[in-house]
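Working notes, structure below.
This structure is a prediction, so every number in the text was calculated from the model and none was measured.
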Amino acid sequence: MAVRMRGHRAVAIVAIAVLIGSLSTVTARGAGEPVKNPDTFVELQFGDVESLDPALAYDIYSYEPIWPNVYETLIMYSGASLDKFTPMLATEVPSLANGLISPDGLTYTFPIRKGVKFHDGSVMTPDDVRYSIQRFLLQDQAGGPAWLLLSPLLGVDSTRDDNGKIQITYADVARAVSVQGDAVVFRLKKPFAPFLTIIAAWTSVMPRAWAAAHGDWDGRPGTWQKYNNPKTPDRYAFNHMNGTGPFKLERWDQQAKEVTLVRHDAYWRIPASLGRVVIRSVPEFTTRRLQLQQGDADLVVAAPNQQTQLRGLPGTVIQDNLPQIAVQTLQFNYKINTEANPDAGSGRLDGAGVPPDFFADIHVRRAFAYAFDYAGNLSGAYAGKGVIPHGPIVQGLLGFDSTVPVYTTNRDKAIAEFKEAAGGKVWETGFKFTIPFTAGNTARQTGAQIVKDTIQALNPKFQIDSRPVQSSSLIQLLRSHKGTMYFLGWFADYPDPHDFAQPFLAANGYFPQRGSYRNPEADRLVDEAVSTADPAKRKAVYRQLSMIAYNDVPYLFLVQPVTYYTMRSWVHGWYYNPIFPGQYFYTITKR
């Protein structure tokens, strides 16, 4: 991290920490009953895993078993803190005081812990750490997480240029990540304020020999390019895991949507209390609720508008009002792949479908922006718990600006915009398409119904349907550009505004890769903002980016929500950190 930014970054983190301190706990009667299956922890989700590869997985459902449960990073967040770290696979947290951060803020040295064993029994070495970081950088799946380290280390967001041509060399990566004795050294391209926060979550380590033996990159300089930008299932690590964490993979049943982890008895710290962890996707809320009530589940994840149905269950606790460094959005696909795509109907603007460039029309996007019922969505989908954002930079982060304008519901303006779209043809001809949403996510189901109701009320020729799909299937749908309009949330990779500006507005960002949004001025400003040392100047640039998001309307920013978890009262040691993608099972006991 750039040391001169630390104080200003802390202001944002303190704001979030205050919110964490205000969370509430609701306990129902029935606590103290006998613990069911005390050695096994069962979590019920409505999403499912897409990949178990730490270099490719980039959704919260996939990343929960990955980090910090099976794979570990060099350092980790200390409890619920967002600005304090504890050593993990490194023995020290770098700082200026201990000399592990250079005075210019460009070199970070991590002494690597000795005697740590992988799940296959092999001993971790600094070379395994170097290999894992280099693999993370060089695999670089389009729209994947590699940008998180590429940006500070190499000064680019992708290993490929706009034409898909490789734009870096192995020598660049070797300079950025190297081994010196028993330490791994990172050399940054430029000072980067949130660097330690990225290291804390995105430096999962696997054994080089294991990966190479199973057909992955062998770590040699001349072979990496053929492994660049892979398809998700093309790696052994897609459905196999070999980390250093407190749990190891027993089984991923892709048909049953269930991941089972077992305790790693040779763990370098005291082994976990739990012997087994089951993370199961159960889209049906009534099933999740019943299994929690019967004690067959220990924790359930549910939508905000389902919380009232979970209150009062005997023997349960609701951890409530948990702040999120997150935003929920409604997104437009500028270039829909209409081939064999029933969600796009006929694939033409003929009243029975939408053409590929339907949402590329600014008037169409503005029409939806004015038609949407934001207040109704906040109250109906999120039970009123949250705030309507002012663009991509959420409250609690440097760059949030409440003076950035927001769209509000206005029927007359929506009609006027639709009449301008496609030279009037949209209003005259009408359209038909389907919105896919994550199965089991009733907040997004409610949002889709709001879109349907508000748009169809404007013109009987407008037809919108919605359908539930598994979260992993939705990711694949969007990756193939077959999404039409869709609801997606963004949860912080690390607590800095760059982690919102880049994924939403940079051409190589997570969402533009899926929706084909591109604005060269936004690309320039994203780079400028993260490279600017002065906080006031940085904030001003983020306001410019928020205004681009307002004017271009690639997304509707719907809500910055709070969240909650419902669990059995026999669960102890659970704590909440807004950066964790789920639960840290190592600290949990049942008693």
| query | Just by distance, with hydrogens left out, do Asp53 and Ser51 show a side-chain donor and acceptor under 3.5 Å apart? | reply | no
| message | Minimum heavy-atom separation for Ala237 and Met206, please, with both atom names. | response | CB-CE, 4.2 Å
| query | What's the verdict on side chain to side chain contact (heavy atoms under 4.5 Å, CB included) for Leu274 and Arg263, showing C-alpha distance, side-chain angles and the deciding distance? | reply | CA-CA 7 Å; Leu274 296 169; Arg263 180 170 51 223; 5.8 Å; no
| task | Look at the side chain of Gln45 and the backbone N and O of Ser281, then say whether any donor-acceptor pair between them is shorter than 3.5 Å. | result | no
| request: To the nearest 0.5 angstrom, please state how far the CG atom of Leu154 sits from the NZ atom of Lys190. | output: 11.0 Å
| query | Atom CG in Leu153, atom CD1 in Ile168: separation rounded to 0.5 Å? | reply | 10.5 Å
| query | Say you draw a straight line from CG of Asn337 to NE2 of His481; how long is it, rounded to the nearest 0.5 Å? | reply | 8.0 Å
| task | Tell me, yes or no, whether the heavy-atom count around Glu339 atom CD, taken from other residues, nucleotides or ligands under 6.0 Å, exceeds 12. | result | no
| request: List the atom of Val259, the atom of Trp252, and the distance in Å for their closest heavy-atom pair. | output: CG2-CD1, 3.6 Å
| Nearest-0.5 Å distance that lies between atom CZ in Arg479 and atom CZ in Arg514 | 5.5 Å
| Of Phe136, Trp490, Tyr63, the residue whose pairing with Tyr58 passes ring-ring contact (aromatic ring centres under 6.0 Å, His included) | Trp490
| task | On the 0 to 90° scale, with breaks at 30° and 60°, tag the Tyr584-Tyr575 ring pair as parallel, tilted or perpendicular. | result | perpendicular
| said: Could you work out, with salt bridge (Lys or Arg N to Asp or Glu O under 4.0 Å) as the rule, every residue matching Glu92, not counting sequence neighbours? | reply: none
| field | Student check: side-chain heavy atoms of Leu505 and Asn519 closer than 4.5 Å | value | no
| Got a salt bridge between Lys539 and Asp401, using NZ or NE/NH1/NH2 to carboxylate O under 4.0 Å? | no
| Is Asp523 reaching over with its side chain to a backbone N or O of Ala507, donor-acceptor style, under 3.5 angstrom? | yes
| Do the rings of Phe46 and Tyr61 sit parallel, tilted or perpendicular, given the 30° and 60° boundaries? | perpendicular
| task | Considering only NZ, NE, NH1 and NH2 on the basic side and carboxylate oxygens on the acidic side, decide whether Arg175 and Asp172 come within less than 4.0 Å. | result | no
| task | Check whether any side-chain heavy atom of Arg235 sits under 4.5 Å from a side-chain heavy atom of Tyr227, and report yes or no. | result | yes
| Roughly how far, to the nearest 0.5 Å, is the CD atom of Gln225 from the OG1 atom of Thr159? | 9.0 Å
| Looking at Thr91, Leu89, Leu196, which one forms a side chain to side chain contact (heavy atoms under 4.5 Å, CB included) with Leu74? | Leu89
| field | Polar contact flag, side-chain donor to acceptor under 3.5 angstrom, Trp67-Thr73 | value | yes
| said: Using only atom types and a distance under 3.5 Å, with no angle test, would you say the side chain of Asn98 pairs donor to acceptor with the backbone of Val93? | reply: yes
| field | Contacts of Tyr71 that satisfy ring pair (Phe, Tyr, Trp, His ring centres under 6.0 Å) - sequence neighbours left out | value | none
| query | Could Asp496 and Arg538 be called an ion pair, given the rule that one side-chain N must be under 4.0 Å from one carboxylate O? | reply | yes
| task | Using modelled atom types only, decide if a donor and an acceptor are shared between the side chain of Arg160 and the backbone of Lys165 within a distance under 3.5 Å. | result | no
| Check: Ser472 main-chain N/O paired with Asp48 side-chain donor or acceptor under 3.5 Å | yes
| said: Working to the nearest 0.5 angstrom, can you tell me the gap between Asp493 CG and Leu148 CG? | reply: 4.5 Å
| message | Over 60° means perpendicular and under 30° means parallel, so tell me whether Phe504 and Phe500 are parallel, tilted or perpendicular. | response | parallel
